[in-house]
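See below for the structure under consideration.
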Amino acid sequence: MKLRTFWVTLFILGMMHVALALPVSAQSEAQHTERYLQSIAGDQALLVDFLTRMPKGGDLHHHLTGAVYAESYIDYAVEDGDCIDRASLRIVAPPCDPERGTVPATQALDDFVFRNRVIDAWSIRDFVPSADDPDVRRHFFATFGKFDLVTNGHWGEMLAEVVARAGQQHEVYLETMLTPDQGAALGLVQAVPWTPDFGQLRARFDAAGMSAVVASARRNLDLAEAKMRRVLGCGSAVADPGCGVVLRYQNQVLRALSPEQVFAQMLAGFELGTVDPRVVAVNLVQSQDEYHALQDFALQMRMLDYLHRVYPRVHISLHAGELTPGEVPPAELYGSHIRDSIEIGHAERIGHGLDIAYERDAPALLAEMARRHILVEDCLFSHEVVRGMRGRDNVLPIYLRAHVPVALATDDEAIVRSELTWYFKRAVEGYHVDYFTLKGMVRDSLDHAFLPGRGLWRRPEQFVAVPECGESPLQRSPRSAACRAFLAHSERAALEWREEVEFARFERRASGGLSQREAHRSRVSAGSKSPRGSSTDSSYSYNCVVASRDASAGTYEHVCRQR
């Protein structure tokens with residue numbers, strides 16, 4: 001195959017220091033870790049162990065209701081005394097009536113066949129197309145309505161489940177999407193007549209009781225977090241690792257509703273984010289090919305433009321470009337949803353971005369995203385199994401080639417029956433993403449987190465520490481007083497520093513593993529080298545080598561040649 005060369009510039013810091021000048025040993029540990037990853041890529045046990053232990057930064061694209069496993073929803077339905085409709089497999093309120101087809105949820109505990117029917121219906125596990133259920137994507141979106149009845153009453157347990165899983169996988173940050181007011185803003189719509197004058201519409205909603213909606217949303221989060229901490233044992237001697245995960249929320253907006261309903265949800269999110277630091281952003285959710293999501297897209301972007309100017313401190317991350325060829329008419333596919341989300345909707349991060357190749361002047365848009373450091377939340381594994389986007393159809397290589405910052409994220413990990421580690425595994429196995437690139441994506445996940453304060457790095461995506469911390473050895477509490485003061489005034493930089501300390505430990509361990517592996521290999525077969533694991537996606541096999549380095553800045557530039 002003719003080789004096509006592209007540059008992926010990643011700046012690699014050694015793990016003993018985040019400093020302007022790195023010791024050779026620190027540089028070597030990062031290189032040894034990459035060599036170790038290459039040597040184990042064909043060994044499932046070693047690869048999964050490596051990626052599970054690897055620091056993963058933050059999961060920036062995460063839907064709470066889609067991240068809780070079906071087995072938990074069954075337990076909640078049993079606890080609440082609910083029923084399950086045997087035909088639709090939807091949770092319904094009691095009383096149950098077997099003659100009418102509704103049975104106690106307890107049946108999903110002991111009836112093995114029924115239990116598995118429920119789990120399959122509430123996820124894409126073992127999905128097989130049928131006449132009544134022909135498409136995995138539609139099956140995916142239909143799951144939410146089946147267990148919706150029990151979600152709002154179990155936020156505490158749900159949060160405990162997802163942060164515990166994050167902690168076990170060495171994540172340190174999670175932004176999850178939910179509706180903090182649990183639909184209260186929608187209750188104001190009947191009293192507020194629609195007007196295209198957003199200023200007047202905002203005033204009407206405020207007069208109708210938006211402040212009470214915001215107050216109820218804050219109480220909901222207070223109660224959920226208190227329950228979560230009790231479940232995890234936070235503050236006790238046996239606290240779950242999830243207690244150490246920094247948790248923040250995005251106020252989700254159901255974009256498939258009417259304009260007045262969408263505006264009410266947006267306004268609630270912006271007002272809540274202004275007064276509650278836990279709510280860091282607003283995001284539009286639901287399938288982008290829904291009628292109102294397409295028909296009112298331009299209107300929704302203008303709403304965001306207006307509200308951004310009124311509430312500039314609240315961040316915006318948007319699902320955009322979540323469309324594929326054949327799913328919608330060509331005019332919609334070429335509708336510049338990603339560009340308009342950034343340029344009109346003020347999106348600082350883009351979720352999915354699947355139709356980037358079809359955007360108006362895509363090369364210029366990619367260049368703009370790279371220049372403005374608009375991060376893409378890439379739900380790699382979900383894109384493969386729900387959208388069928390594998391190999392050349394997957395967008396990850398497009399963004400990497402264009403130097404657009406990327407962070408791997410889970411989307412709806414429970415419905416997809418996955419966890420974040422599997423997304424890293426697919427990046428390595430399916431696209432031969434190397435360790436330096438993985439590490440860059442982890443760092444970007446924290447540098448683009450919606451946390452207050454300056455970041456640890458001088459410039460985005462270059463990963464050279466700010467002067468205050470540039471010469472301070474990596475340890476939990478920096479030796480430098482200037483660095484300690486800097487971290488004390490920046491929640492974002494403090495979390496990034498914490499992750500760099502974990503990377504140092506991880507790379508020391510991996511370097512030791514490489515030494516042992518090479519020693520064993522030399523004993524067994526004098527200099528033989530295990531081949532890198534093969535992949536069915538061989539068209540995206542990246543052979544990355546160090547092309548140049550600047551030891552004074554601790555940076556490396558990699559050339560990645562497509563095989």
Side-chain angles (χ1 to χ4, degrees), residues 52 56-77 91 118-125 139-180 182 220-221 224-225 227-228 231-232 240-243 245-252 254 278-281 283 285-287 317 319 322 351-352 377-386 407-424 426 445 449:
T52 299
K56 296 184 186 65
D59 189 346
L60 302 181
H61 191 105
H62 181 277
H63 297 267
L64 179 59
T65 56
V68 173
Y69 269 71
E71 290 85 341
S72 297
Y73 287 132
I74 291 173
D75 292 341
Y76 303 158
I91 300 175
V118 171
I119 293 172
D120 290 348
W122 297 358
S123 70
I124 64 168
R125 190 188 73 167
H139 180 94
F140 169 88
F141 281 108
T143 61
F144 295 92
K146 296 182 186 298
F147 49 70
D148 181 66
L149 182 66
V150 299
T151 56
N152 283 348
H154 293 272
W155 275 8
E157 301 97 310
M158 294 164 66
L159 291 174
E161 176 177 329
V162 298
V163 298
R165 188 181 305 125
Q168 290 164 4
Q169 296 179 93
H170 301 279
E171 300 170 44
V172 295
Y173 180 73
L174 176 64
E175 282 180 26
T176 190
M177 286 173 257
L178 75 172
T179 306
Q182 298 191 343
N220 292 336
L221 293 179
E225 290 188 345
K227 180 64 177 290
M228 174 192 72
V231 172
L232 297 177
D240 187 277
C243 295
V245 176
V246 176
L247 177 63
R248 294 293 182 269
Y249 308 101
Q250 294 184 21
N251 193 116
Q252 66 185 16
L254 304 180
R278 296 172 296 183
V279 180
V280 295
N283 204 328
V285 302
Q286 292 185 299
S287 181
S317 179
H319 290 70
E322 199 176 357
H352 301 290
E377 304 153 356
D378 194 305
C379 308
L380 175 65
F381 186 72
S382 178
H383 295 163
E384 290 190 329
V385 298
V386 177
L408 295 178
T410 57
D411 198 18
D412 298 276
E413 59 184 335
I415 293 178
V416 179
R417 307 293 286 189
S418 63
E419 61 181 13
L420 186 58
T421 298
W422 299 6
Y423 292 67
F424 279 69
R426 280 304 300 151
S445 73

What's the shortest heavy-atom distance between [X] and [Y], and which atoms?
X: Gly58; Y: Ser445; result: N-OG, 2.9 Å
X: Ile124; Y: Val416; result: CG1-CA, 3.9 Å
X: His139; Y: Asp120; result: NE2-O, 3.1 Å
X: Ile415; Y: Trp122; result: CG1-O, 4.1 Å

I want to check something: taking the side chain as every heavy atom from C-beta on, are [X] and [Y] in contact at a cut-off of under 4.5 Å?
X: Leu221; Y: Val279; result: yes
X: Val172; Y: Val245; result: no
X: Arg417; Y: Ile119; result: yes
X: Val162; Y: Leu247; result: no
X: Thr65; Y: Tyr73; result: yes
X: Tyr173; Y: Leu60; result: yes
X: Ser123; Y: Tyr69; result: no

Distance (rounded to the nearest 0.5 Å) between [X] [atom1] and [Y] [atom2]:
X: Leu178; Y: Asn220; atom1: CG; atom2: CG; value: 9.0 Å
X: Thr179; Y: Asn251; atom1: OG1; atom2: CG; value: 6.5 Å
X: Glu413; Y: Gln169; atom1: CD; atom2: CD; value: 6.5 Å
X: Arg426; Y: His383; atom1: CZ; atom2: NE2; value: 13.5 Å
X: Gln168; Y: Thr421; atom1: CD; atom2: OG1; value: 10.0 Å
X: Cys379; Y: Asp59; atom1: SG; atom2: CG; value: 7.5 Å

Is a side-chain donor or acceptor of [X] paired with a backbone partner of [Y] at a separation under 3.5 angstrom?
X: Glu161; Y: Val68; value: no
X: Thr176; Y: Leu64; value: yes
X: Lys56; Y: Leu420; value: no

How about [X] and [Y]: does a side-chain donor come under 3.5 Å of a side-chain acceptor?
X: Thr410; Y: His62; value: no
X: Ser418; Y: Tyr423; value: yes
X: Glu377; Y: Ser317; value: yes

What residues form a side chain to side chain contact (heavy atoms under 4.5 Å, CB included) with Asn152, not counting sequence neighbours? Trp155, Gln182
Can you say whether the rings of [X] and [Y] are parallel (under 30°), tilted (30 to 60°) or perpendicular (over 60°)?
X: Tyr76; Y: His154; value: parallel
X: His63; Y: His61; value: perpendicular
X: Trp422; Y: Phe381; value: perpendicular

Go through it in stages, so that I can follow the logic: the residues are Arg165 and Glu419, the test is salt bridge (charged side-chain N to carboxylate O under 4.0 Å, His left out), and I'd like the CA-CA distance, side-chain angles, deciding distance and then a yes or no. CA-CA 8 Å; Arg165 188 181 305 125; Glu419 61 181 13; 5.1 Å; no
Check Val150, Ile74, Thr151 against Ile91 for a side chain to side chain contact (heavy atoms under 4.5 Å, CB included) and give me the one that passes. Val150
side-chain contact (heavy atoms from CB on, under 4.5 Å) between Phe140 and Val385, intermediate numbers included: CA-CA 10 Å; Phe140 169 88; Val385 298; over 6 Å; no
